[in-house]
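One structure is given below, encoded as structure tokens.
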Amino acid sequence: MTVSPHRGADFEQAARALAGASKAIALTGAGVSVPSGIPDFRSATGLWLRYPPAEYATLSAFRADPAKVWRMFAELERMLQRPPNPAHRALATLEAEGGLAGIVTQNIDGLHQRAGSRTVIEYHGSPATFTCLACGAGYTLAEVLPLERPPRCPAPAPGGRCGQLLKPDVVLFDEQIPGRALAASEALVRDVDLMLIVGTSCEVYPAAELPRRVRRQGGLLIELNLAPAAGLDPDVLVRGDCAVTLPRLLEGWRQARGRPGGAAP
Ligand SMILES: [Zn+2]
């Protein structure tokens, strides 16, 4: 399959490939949440311009000045309130109708889950849950909201309360991708013969390794991006805003799977 210069042909190719796949997954990045009003962290209006990562987004910065870093954490928390957009909803529908086995996302905003996606692996964690840096106790956002900021662990400890810092479960720059996310994505990517790559330039490892892995397994790569990711060389490239292109792909998939050559529903 080659990249076609005709946009309509790209959609048809992508839809037919998706309908013929036995196990498809999606890899998503910042671009899928831009239509929800969350600018790419790396963009000119993104989070890192206001909160330089070296100053804010490391565990050592948080330990050194919890109140300062909590200002950034509060912004991450507010992202959880943004509305999912048609791209999130199209992926959730595709999963519900049997066309997608799951999503690996580099986003932390929880919008895939809010849109209804069920299998979502969050490589960079989530600000919706919290862990005590001292005793390891875990908390939900609802449990942490009533606490003073920066919140301290309310778990009982010998001689009183634990009282140590709680940190949102987002993966900071000096932290590792959670082992359970890596293990879950390892299990999900097995036998995948098609990957949708949505709103990511595939530059950050280890997520960037996943498309290469799918290709080594003989799978197809369908890229849906505003601008092509450097070095990805997809089988089909669908350029454009994913809030427009993903719903259109969903429609094409519904039609293609009913046709000869497409997978029977
Ligand atoms: Zn604690």
Side-chain angles (χ1 to χ4, degrees), residues 1-5 9-32 40 42 87 90-92 94-95 97-108 112 117-125 171 173 175-240 242 245-246 249-250 252-253 256-257 261-264:
M1 206 176 299
T2 54
V3 176
S4 160
D10 292 343
F11 272 105
E12 199 172 311
Q13 277 189 336
R16 270 193 280 118
L18 190 56
S22 62
K23 183 181 179 185
I25 63 171
L27 172 66
T28 69
V32 79
D40 187 334
R42 292 179 171 75
L91 287 174
L94 192 59
E95 182 186 12
E97 295 184 9
L100 195 71
I103 297 171
V104 177
T105 187
Q106 300 163 87
N107 300 339
I108 60 169
H112 284 304
S117 288
R118 300 178 70 93
T119 300
V120 182
I121 298 167
E122 295 173 305
Y123 257 20
H124 297 156
V171 178
F173 279 73
E175 292 183 301
Q176 300 290 319
I177 306 288
R180 62 182 184 281
L182 289 176
S185 77
E186 182 63 29
L188 182 65
V189 80
R190 208 169 294 146
D191 306 325
V192 162
D193 59 359
L194 187 146
M195 178 180 254
L196 302 176
I197 295 150
V198 189
T200 173
S201 54
C202 290
E203 284 168 342
V204 180
Y205 280 84
E209 174 57 22
L210 292 175
R212 289 159 183 87
R213 168 78 186 274
V214 169
R215 179 152 275 164
R216 282 199 301 277
Q217 294 175 182
L220 298 173
L221 303 179
I222 297 179
E223 178 183 1
L224 299 103
N225 266 331
L226 276 176
L232 187 64
D233 190 25
D235 297 283
V236 186
L237 170 66
V238 176
R239 285 183 83 141
C242 57
T245 59
L246 265 177
L249 178 62
L250 172 66
W253 169 78
R257 68 174 175 165

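Values below: all heavy atoms of this structure, side chains included; hydrogens, waters and symmetry mates excluded. Start at 1 with the first residue, then count along the sequence.
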Heavy-atom pair of closest approach, residues Cys202 and Ile197: SG-CG2, 3.6 Å
Check this for me: does any side-chain nitrogen of one of Asp235 and Arg215 sit under 4.0 Å from a carboxylate oxygen of the other? yes
Rounded to the nearest 0.5 Å, what separation is found between the CE atom of Met195 and the CG atom of Leu210? 4.5 Å
Reported CG-to-CG distance for the pair Leu196 and Leu100, which is rounded to 0.5 angstrom: 6.0 Å
For the backbone of Arg190 and the side chain of Lys23, can you confirm whether one donor and one acceptor N or O come within less than 3.5 Å of each other? yes
Could you pull out the closest heavy-atom pair between Val104 and Ser185, with the gap in Å? CG2-CB, 4.1 Å
Validation row: Trp253, Arg16 side chains within 4.5 angstrom (heavy atoms): no
Qualifying residues under side-chain hydrogen bond (donor to acceptor under 3.5 Å, both in side chains), relative to Thr28, sequence neighbours excluded: Thr105, His112
Asn107 versus Tyr123: any side-chain heavy-atom pair under 4.5 Å? no
Pair Val198, Thr245 - check side-chain contact (heavy atoms from CB on, under 4.5 Å), show working. CA-CA 10 Å; Val198 189; Thr245 59; over 6 Å; no
Residues two or more places apart in sequence or in another chain: which of them pass side-chain hydrogen bond (donor to acceptor under 3.5 Å, both in side chains) with Arg180? none
State the CD-CD1 distance between Glu95 and Ile103, to the nearest 0.5 angstrom. 6.5 Å
Could you go step by step and tell me if Gln106 and Val204 meet the side-chain contact (heavy atoms from CB on, under 4.5 Å) rule? CA-CA 9 Å; Gln106 300 163 87; Val204 180; 4.1 Å; yes
Do other residues, nucleotides or ligands put more than 12 heavy atoms under 6.0 Å from Arg118 CZ? no
Between Leu18 and Leu94, is the side-chain contact (heavy atoms from CB on, under 4.5 Å) condition met? List the steps. CA-CA 10 Å; Leu18 190 56; Leu94 192 59; 3.8 Å; yes
What are the two closest non-hydrogen atoms of Ala207 and Pro211, and how far apart are they? O-CD, 3.4 Å
Using side-chain contact (heavy atoms from CB on, under 4.5 Å), reason through Phe11 and Val236 one step at a time and then give a plain yes or no. CA-CA 9 Å; Phe11 272 105; Val236 186; over 6 Å; no
Looking only at heavy atoms, the pair that brings Ile108 and His124 closest together is CG2-O, 3.3 Å
Heavy-atom pair with the smallest gap, counting every atom of Leu237 and Asp10: O-OD2, 3.1 Å
Is there a side-chain contact between Asp191 and Ser22, using heavy atoms and a 4.5 Å cut-off? no
Taking 4.0 angstrom as the limit, do Glu203 and Arg42 come out as a salt bridge? no
Flag, side chain of Gln217 to backbone of Asp193, donor-acceptor distance under 3.5 Å: no
Name the atoms and distances for all side-chain donor-acceptor pairs under 3.5 Å in residues 223-232, with sequence neighbours left out.
unit_1: Glu223; atom_1: OE2; unit_2: Asn225; atom_2: ND2; d: 2.8
unit_1: Glu223; atom_1: OE2; unit_2: Ala229; atom_2: N; d: 2.6
unit_1: Asn225; atom_1: OD1; unit_2: Gly199; atom_2: N; d: 2.9
unit_1: Asn225; atom_1: OD1; unit_2: Thr200; atom_2: N; d: 3.1
unit_1: Asn225; atom_1: ND2; unit_2: Thr200; atom_2: O; d: 2.9

Ile222 and Ala17 have their tightest heavy-atom pair at CD1-CB, 4.0 Å
